[in-house]
Amino acid sequence: VIQEGITRGKYGEGAKQEKFRYALSLVFIQCVINAIFARLVIQFFDAARVDRTQNWLYAACSLSYLGAMVSSNSALQFVNYPTQVLGKSCKPIPVMLLGVTMLRKKYPLAKYLCVLLIVTGVALFMYKPKKGGDDADDHIFGYGELLLLLSLTLDGLTGVSQDHMRAHYQTGSNHMMLNVNLWSTLFLGAGVFFTGELWEFLSFAERYPSILYNILLFGLTSALGQSFIFMTVVYFGPLTCSIITTTRKFFTILASVILFANPISMMQWVGTVLVFMGLGLDAKFGKGSKKTTH
C-alpha cells in the first residue's frame with residue numbers, strides 16, 4: 001500500500017502535478033534501512049555466529065537482487081499494482097528452472113504441475129484483449145511487462161546464489177541480509193550519484209517533504225519483512241520462500257483493488273483463482289524430495 005502510494009501518487013496541484021520517478025533512490029534508501037536493521041539484529045541477537053561466506057557471492061547475489069527490485073519498482077510506472085503483483089507471482093518458476101539447470105536439483109511431478117497452473121493463471125491475468133474503437137487501449141505487452149520479466153529472471157539468479165551460500169557456507173540469515181544489502185547500497189549509491197538522480201530526488205523531496213515519512217515507513221516495513229524472508233531462505237530454501245511470499249500477494253491485490261480502485265476484469269479474477277489454486281495444491285502435494293545430491 002505504501003509503495004503504490006509513493007510510486008503512483010500525484011504531487012502538487014493542478015497543471016503543476018508531478019509523479020515520483022526515482023526508483024533507484026527509493027530502493028537505495030530501502031537497502032540502507034535493511035542493512036542497518038540487520039546490523040542491529042546481529043549486534044543484539046546473533047553476535048556469536050561467524051560468517052565465512054565469500055564476498056563475491058554476496059556481490060553477485062546483491063546485483064541480481066537489486067536488479068529485480070529496481071525492475072519491479074520501475075514496472076509500476078507502466079502497469080498497475082495488481083498486474084505487477086501477479087507478474088511477480090511467477091517467481092517460483094525461474095527459481096525452479098535455474099535450480100534444475102544450474103544446481104542439478106530435482107522436484108516431484110506435482111510441483112511442476114502446480115507451477116504450470118500458476119503460469120496459466122498469470123497468463124490469463126496479464127492478457128489484455130484489444131477493445132473496439134479508436135480510443136481503446138491497445139497496450140498488450142510493453143515496457144512494464146518486460147521489466148517484470150527481467151525482474152523474474154534476476155529473482156531466479158538470486159535463488160541460485162542463495163542456495164550456493166546455504167550449501168557451502170551455512171550462511172546465517174542476518175549476515176546474508178546485512179551483506180546483500182551493503183553491496184546493494186554500494187552499487188545503488190554509485191548509480192544514483194553518477195546518473196544525477198540523487199540531486200533530482202533531493203530536490204523533489206524538498207518540494208514535497210511529506211514523502212520522506214512515507215519512504216521511511218516503507219523502509220521500516222520492508223526491513224522487518226525482509227528479515228523473515230532471509231530466515232525462510234536459510235532454513236527452507238529459496239523456492240519455498242518464493243512460494244510462501246507469493247501466497248500473501250492475494251491479500252495485497254485485494255487491498256490494492258479496494259484502496260486504489262484498480263479495475264479487475266472477470267478473466268483476471270479467473271487467473272487469480274488459478275494462481276492461488278496452484279499455490280494451495282503445491283502446499284498440499286508438492287512436498288516430495290526436493291533435492292538429489294549427485
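Predicted model only: the values in this text are computed from it and were never measured.
Checked against ring pair (Phe, Tyr, Trp, His ring centres under 6.0 Å), F230 has no partners two or more places apart in sequence or in another chain. With sequence neighbours excluded, no residue forms a side chain to side chain donor-acceptor pair (under 3.5 Å) with N214. Under the rule for a side-chain contact (heavy atoms from CB on, under 4.5 Å), the partners of T101 that lie at least two apart in sequence or sit in another chain are L98.
For the pairing with C31, the side chain to side chain contact (heavy atoms under 4.5 Å, CB included) check across I29, I33, V27 returns one residue only, V27.
The minimum heavy-atom distance between A35 and L178, with the atom names listed, is O-CD1, 3.4 Å. When all heavy atoms of M102 and L157 are compared, the pair lying nearest together is SD-CD2, 4.5 Å. Nearest heavy-atom pair, T158 versus S64, reported as atom, atom and distance to 0.1 Å: OG1-OG, 2.8 Å. Nearest heavy-atom pair, V180 versus S184, reported as atom, atom and distance to 0.1 Å: O-OG, 2.7 Å. Of all the heavy atoms in A38 and N174, the pair that sits closest is CB-O, 3.8 Å. Smallest separation of non-hydrogen atoms from M177 and Q226: CG-OE1, 3.5 Å.
A salt bridge between R21 and E200 is absent, with no side-chain N of the basic residue lying under 4.0 Å from a carboxylate O of the acidic one.
You'll find the side chain of N179 reaches within 4.5 Å of the side chain of D51, heavy atoms only. Within the 4.5 Å cutoff, the side chain of L239 has heavy atoms near those of the K111 side chain. The shortest distance between side-chain heavy atoms of T7 and L26 falls below 4.5 Å. Side chains of T171 and R166 form no contact here, defined as non-hydrogen atoms less than 4.5 Å apart. In this structure, H164 and L57 have side chains that are in contact, with non-hydrogen atoms separated by less than 4.5 Å.
No donor-acceptor contact under 3.5 angstrom links the side chains of N181 and Q30, judged on distance only. In the model, S151 has no side-chain atom that pairs as donor or acceptor with a side-chain atom of S72 under 3.5 Å.
Between F201 and F28, a ring centre-to-centre spacing not shorter than 6.0 Å is recorded.
Contacts classified as ring-ring contact (aromatic ring centres under 6.0 Å, His included) and involving residues 47-72 (residues at least two apart or in different chains) are not found.
Grouping Ile, Leu, Val, Met, Phe, Trp and Tyr residues whose side-chain heavy atoms lie under 4.5 Å apart, directly or via other members, leaves L116 alone, with no other cluster members. L113 belongs to a hydrophobic cluster whose other members, connected by ILVMFWY side-chain contacts under 4.5 Å either directly or through intermediates, are L109.
At most 12 heavy atoms of other shown residues, nucleotides or ligands fall within 6.0 angstrom of atom CZ in F228.
Using the six-membered ring where Trp is involved, F193 and W199 have ring planes that are perpendicular, over 60° apart on the 30 and 60° scheme.
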